[in-house]
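All remarks here apply to the structure that follows.
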Amino acid sequence: VSLPRIGAIRPARSTAAACGAVLALALALGLPAAGPAEPLPSSLTDAQIPRIVALGPWPPPAVPDPSNRVAGLPAAVAFGQRLFNEPALSANGRIACASCHQAARGFSDGLARGQGLQRGDRNTPGLLNVGGQRWFGWDGANDSLWAQSLRPLLDAREMGGSLGSVSQAVRATPALRDGYRAAFGEPPGVDDERVAVDAAKALAAYQATLRSGRTPFDQFRDAVARGDRAAAAGYPPAAQRGLAIFVGKGRCWVCHGGPGLSNGEFHDIGRPHFAEAGRVDPGRHGGIRKLQSSRYNLLGPFNDDPARATATSTRHVSLEHRHWGEFKVPGLRNLALTAPYFHDGSAATLRDVLRHYSELNEERLHVDGERLLVPLRLSDAEIDDLLAFLDTLNEAPAR
Amino acid sequence: VSAHGRSAALTPERERRAGCLMSGPACAPLLLVALGLAGFAPAAAAPGCGAALGASAQRIEAPAGQIAWRATTSPIPVSRHFALDIELCPAAGQPMPAAIGVDATMPEHRHGMNYKASVTPAGSGRWRAEGLLFHMPGRWELVFEWRDAAGMTRRLAQRLDVE
């Protein structure tokens with residue numbers, strides 16, 4: 001039976017064919033073809049063009065979180081930034097959110113695994129573009145940025161606080177007390193849980209403003225989308241070859257899709273399951289269990305949106321055995337700032353990441369895993385091209 | 001048969017085996033698949049079942065009955081929730097079931113959705129399925145199930161290429 005296929009992966013076509021695809025796209029979009037018929041120095045196929053266009057536009061519109069009544073309010077953003085840098089929220093008075101989420105590192109820490117009051121099991125994720133996501137954390141144990149912001153405040157291995165200690169810090173520190181009043185229109189009350197959750201909502205309001213800017217890739221993507229061959233031709237040839245792998249035989253785009261280059265979901269990519277000898281990190285499976293038992297999920301009493309408009313995922317998420325060892329697909333913007341990589345920080349460089357995908361253990365994955373993943377067997381030149389492409393996703397090219 | 005697809009020819013024997021699909025381990029699995037295209041180029045539904053869903057409704061037709069459905073977002077997006085409006089028209093002589101089930105899988109990837117759809121009745125053989133999310137582009141199989149008067153599970157499926 002012959003199925004109509006859309007976007008099937010095809011062998012690379014000639015430059016002229018790729019150029020024609022851009023023209024066809026422009027016509028499909030009802031846009032005039034720009035300039036003379038200049039060749040697009042690319043091995044991109046017509047099937048790959050819409051995949052590239054789907055990696056933008058950037059930036060996407062900022063949509064305030066309806067579950068957070070102070071999202072987008074300048075006073076809450078300012079209060080949240082103050083809290084973000086405030087060590088008084090930690091049990092020892094020396095650790096702030098900013099201790100591990102350092103701006104110069106894309107709000108990550110450069111360590112393999114996070115180091116709060118104790119060493120954690122996972123890599124500290126960067127916070128650029130963290131707003132508007134569906135799930136938060138490597139295991140997606142939280143469904144809102146404010147719930148995710150509350151977690152490290154209370155985690156014994158990270159900041160080691162409690163609802164009481166956090167709320168007391170807000171009440172007792174003049175600058176925090178004033179910030180709370182400005183953000184929420186009233187002084188912090190006696191309800192510890194409410195004050196602590198409100199502090200987390202202010203932290204979320206601030207973090208939602210941490211957005212990365214446009215990149216060389218975005219310029220290329222937009223040129224392709226509008227059929228501007230002259231502008232597209234300025235994209236480095238090595239990056240174009242890497243992009244062709246990304247949306248072609250590498251099939252990276254299947255999970256790293258959309259403007260943020262992540263589908264926002266979870267996959268097992270064959271990294272070790274063990275956080276340490278004899279102890280498994282359950283990944284997404286544990287995350288869903290935590291989510292569903294959390295008082296702070298979007299189905300709980302602290303969601304400020306009576307309509308629960310953003311709770312669809314929480315209401316319908318399904319716990320499956322296959323979620324064991326799955327971790328969230330990270331976005332790929334500004335990766336130069338956030339080494340090392342993977343959920344456990346076990347890849348020091350992006351070259352190490354690509355070598356993993358090039359040589360991954362197929363039998364390990366296919367026992368119960370995603371059939372999509374196969375060893376890519378990339379040449380050194382192909383890895384260099386993919387690195388060149390990833391480099392164009394940095395606001396300031398690293399090389 | 002959908003306007004631009006084909007359905008598997010269903011002999012009585014094949015239909016019986018399909019009815020066994022969910023009824024016991026002795027039954028050999030057989031998926032009744034109506035092949036069609038949805039998402040990027042939805043076909044118009046033929047008059048009849050699902051007419052109330054509008055011209056963009058998709059239809060799956062087999063001797064067990066007909067399913068017409070329409071996604072609330074077209075084309076179906078990748079990695080975003082969507083809902084389906086559904087109308088079931090059981091075969092002649094078969095009663096309307098009290099409930100239907102809706103699910104989706106990626107057979108080539110050996111997994112389904114990360115979400116379980118909820119289905120609520122909308123009256124007159126219509127339902128609303130919510131909470132679906134295709135988290136990857138590629139070939140998905142949208143599956144509708146219900147029990148007939150004999151208690152046997154009927155299943156209709158449609159393959160979709162989503163990108």
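No hydrogens, no waters, no symmetry mates; every other heavy atom, side chains included, goes into these values. Letters go in sequence order (proteins before strands), and every chain restarts at 1. The model shown is predicted, which means the values in this text are computed figures rather than measured ones.
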Answer yes or no: is there a side-chain heavy-atom contact under 4.5 Å between B/Asn114 and A/His323?
yes
So which residues of residues 306-314 of chain A are in contact with chain B at a heavy-atom cut-off of under 4.5 Å?
A/Thr312, A/Ser313
Before giving the answer on side-chain contact (heavy atoms from CB on, under 4.5 Å), spell out for B/Glu108 and A/Leu372 the whole-Å C-alpha distance, their side-chain angles and the decisive distance to 0.1 Å.
CA-CA 8 Å; B/Glu108 294 169 8; A/Leu372 174 75; over 6 Å; no
What's the separation between atom [atom1] in [X] and atom [atom2] in [Y], rounded to the nearest 0.5 Å?
X        : Y        : atom1 : atom2 : value
B/Asp103 : A/Ser318 : CG    : OG    : 8.5 Å
B/His111 : A/Arg322 : NE2   : CZ    : 6.5 Å
B/Tyr115 : A/Glu265 : OH    : CD    : 3.5 Å

Should we count CZ of B/Arg80 as having more than 12 external heavy atoms under 6.0 Å?
no
CZ of A/Arg289: more than 12 outside heavy atoms within 6.0 angstrom?
no
With no hydrogens and no angle check, is any side-chain donor or acceptor of A/Arg134 less than 3.5 Å from a backbone partner on B/Ser79?
yes
Backbone N/O of B/His135 and side chain of A/Asn263: donor-acceptor pair under 3.5 Å:
yes
Going through the distances and angles, do B/Met136 and A/His267 end up as a side-chain contact (heavy atoms from CB on, under 4.5 Å)?
CA-CA 11 Å; B/Met136 301 168 76; A/His267 295 274; 3.6 Å; yes
Grab the two heavy atoms, one from A/His316 and one from B/Ser118, that are nearest each other, plus how far apart they are.
NE2-OG, 2.8 Å
What are the residues of residues 121-132 of chain B, in order of number, with any heavy atom under 4.5 angstrom from a heavy atom of chain A?
B/Glu130, B/Gly131
